[in-house]
Amino acid sequence: MSIDFRKENGIGKITFNRPEVLNSVNKEMAMAFQEALKDCEKDPAVRSVFITGAGRAFCAGQDLAEVIAADGPTLNSIVKDHYNPVISLIRNIEKPVVCAVNGVAAGAGANIALACDIIFAGTSASFIQAFSKIGLIPDSGGTFFLPRLVGFQRATALMMLGDKVKAEDALSMGMIYKMVADENLMEEALECASRLSQMPTKGLGYTKRALNFSMFNNLDDQLDVEEDLQTRAGKTYDYKEGVNAFLQKRTPLFKGE
Ligand code: T3D
């Protein structure tokens, strides 16, 4: 199976599983990834999503052997049908998506990571906007997320030059949330996904929605978004539980409702 997908303890755990080709993405894998994300979106028992790669890489982007195959998908279909739905799903699932970048993340693989809510990377991980080296433009939301994460100038240079960014540099640029020793990466990133899965899922989902809007809203529009979503958050079970638990000096038990 090109994707290992399991649901455990409130976490939808997705592992890219083509290690022999550094988890590069072919059609089958793209579709399986989309199905797993849709399952996570629909299933109320899943309260956080975790994405990582098997073997020594996170994901080397598009499977380049597939694009030269006579019966392979067209470039247009690869972007429209494989990657765009993946990025839309990651951003629109109203649950936190944590990723653990365990090695190289190149091309679409780098940009799939950048679309996630919280990015952990192992010390030996790296990020490469590999597209320019083969005459392509960055896709999978890269031109949207990277300039917002690291600034326009750095994003332009990284995308034009295709230089490898080591995890420590990605951290100092603000591209990722945390760098963790390779041997502790899975434990720490999963711990984060587990913690999030016990938190008020609706509130986290509304937070994500507000952050999505903040990418293009002006302040007045964003204040309206906050007013609306705060009103909704205030109607959730978990809000009442959080306030009651605080006043009763006990640990809250959130249900994600
Ligand atoms: O038509 C379209 O392409 C549209 C889609 C665009 C989206 C994109 O993602 S475009 C960008 C595609 N990705 C790349 O250009 C990255 C290609 N890979 C690399 O540059 C290098 O493999 C890495 C820098 C990622 C890692 O280098 P290294 O030296 O650690 O490993 P390696 O020896 O290059 O790779 C190991 C194996 O994985 C090797 O196979 P082999 O020789 O052991 O049989 C290699 O061919 C395979 N592999 C790595 N990346 C890909 C791949 N096979 C197919 N597609 C790949 N992307």
Side-chain angles (χ1 to χ4, degrees), residues 3-17 19 23 33 36-37 39-41 43-59 86 89-91 93-105 109-110 112-127 145 149 165-209 211 233 236-239 241-242 245-246 250-257:
I3 293 269
D4 182 85
F5 175 49
R6 53 191 75 194
K7 298 189 249 184
E8 287 167 352
N9 306 319
I11 307 173
K13 193 175 165 204
I14 298 169
T15 306
F16 301 138
N17 193 27
N23 301 318
F33 189 21
L37 289 167
D39 193 333
C40 292
E41 183 177 39
D43 187 347
V46 172
R47 292 172 58 191
S48 70
V49 181
F50 180 82
I51 301 173
T52 194
R56 72 177 174 93
F58 176 72
C59 171
V86 159
L89 278 161
I90 291 174
R91 291 313 313 156
I93 291 177
E94 295 207 332
K95 299 172 184 180
V97 180
V98 175
C99 88
V101 180
N102 53 303
V104 66
I112 288 167
L114 299 187
C116 295
D117 295 306
I118 300 181
I119 309 167
F120 287 79
T123 37
S124 67
S126 58
F127 298 80
F145 295 110
L149 290 168
V165 180
K166 291 183 191 156
E168 61 190 279
D169 296 326
L171 181 67
S172 67
M173 284 180 201
M175 201 191 292
I176 63 173
Y177 176 55
K178 269 191 185 170
M179 181 177 72
V180 177
D182 286 331
E183 60 274 24
N184 299 331
L185 175 67
M186 289 305 148
E187 191 184 337
E188 280 203 34
L190 266 172
E191 207 292 306
C192 174
S194 171
R195 192 174 137 204
L196 289 160
S197 75
Q198 307 295 313
M199 289 178 66
T201 312
K202 294 262 185 231
L204 296 180
Y206 293 145
T207 301
K208 182 165 174 175
R209 201 190 301 181
L211 286 166
T236 61
Y237 170 91
D238 286 339
Y239 167 63
E241 168 65 4
F246 175 77
R250 62 173 173 81
T251 306
L253 189 59
F254 296 118
K255 290 185 180 175
E257 294 169 6

Is atom CG of N184 surrounded by more than 12 heavy atoms (other residues, nucleotides or ligands) closer than 6.0 Å?
yes
Can you list everything that forms a side-chain contact (heavy atoms from CB on, under 4.5 Å) with T123? Sequence neighbours excluded, please.
M179, D182
Do NZ/NE/NH1/NH2 and the carboxylate oxygens of K13 and E8 come within less than 4.0 Å?
no
Is R250 paired with E241 through a side-chain N to carboxylate O contact shorter than 4.0 Å?
yes
What are the two closest heavy atoms between S48 and A193, and how far apart are they?
OG-O, 2.7 Å
Donor-acceptor pair, distance only, cut-off 3.5 Å: does the side chain of R56 make one with the backbone of G103?
no
From CA spacing to verdict: side chain to side chain contact (heavy atoms under 4.5 Å, CB included), F127, M173:
CA-CA 12 Å; F127 298 80; M173 284 180 201; over 6 Å; no
Less than 4.5 Å apart, any side-chain heavy atom of L149 and any of L114?
yes
Shortest non-hydrogen contact from T201 toward G256
OG1-CA, 3.5 Å
Any chance you could lay out the side chain to side chain contact (heavy atoms under 4.5 Å, CB included) test for N102 and M186, step after step, and finish with the verdict?
CA-CA 8 Å; N102 53 303; M186 289 305 148; 3.9 Å; yes
Strictly distance-based, threshold 3.5 Å: is any side-chain N or O of S194 a donor or acceptor partner for the main-chain N or O of L190?
no
Roughly how far, to the nearest 0.5 Å, is SG of C59 from CD1 of I112?
5.0 Å
Just verifying a value: how many Å separate K178 NZ and L185 CG, rounded to the nearest 0.5 Å?
12.0 Å
Is the NZ atom of K166 crowded by more than 12 outside heavy atoms at less than 6.0 Å?
no
Would you sort out whether L204 and L196 count as a side chain to side chain contact (heavy atoms under 4.5 Å, CB included), showing the intermediate values?
CA-CA 9 Å; L204 296 180; L196 289 160; 4.0 Å; yes
Tell me if a side-chain donor or acceptor on K255 pairs with a main-chain N or O of Y237 at a distance below 3.5 Å.
no
How long is the span from the CG atom in N17 to the OG1 atom in T52, to the nearest 0.5 Å?
11.0 Å
From D169 CG over to M175 CE, what is the distance, rounded to the nearest 0.5 angstrom?
8.5 Å
K208 atom NZ: more than 12 heavy-atom contacts under 6.0 Å:
yes
If you count the non-hydrogen atoms of other residues, nucleotides and ligands that lie under 6.0 Å from OH in Y177, is the total more than 12?
no
Residue pair C192 / V98: nearest heavy atoms and the distance that separates them
SG-CG2, 4.2 Å
Using modelled atom types and a 3.5 Å cut-off, is there a donor and acceptor pairing between side-chain atoms of K7 and backbone atoms of A45?
no
If you compare all heavy atoms of F58 against all heavy atoms of G109, which two are closest, and at what distance to 0.1 Å?
CE2-O, 3.4 Å
If you measure from CG on D39 to CG on L89, what distance do you get to the nearest 0.5 Å?
11.5 Å
Do P200 and T236 make a side-chain contact, defined as non-hydrogen atoms from C-beta onward lying under 4.5 Å apart?
no
For K95 versus R47, what's the shortest heavy-atom pair and its separation?
CB-O, 4.2 Å
Smallest separation among heavy atoms of Y206 and A233, with atom names
CE1-N, 3.7 Å
Rounded to the nearest 0.5 Å, how far does CD1 of I51 lie from OG1 of T15?
9.5 Å
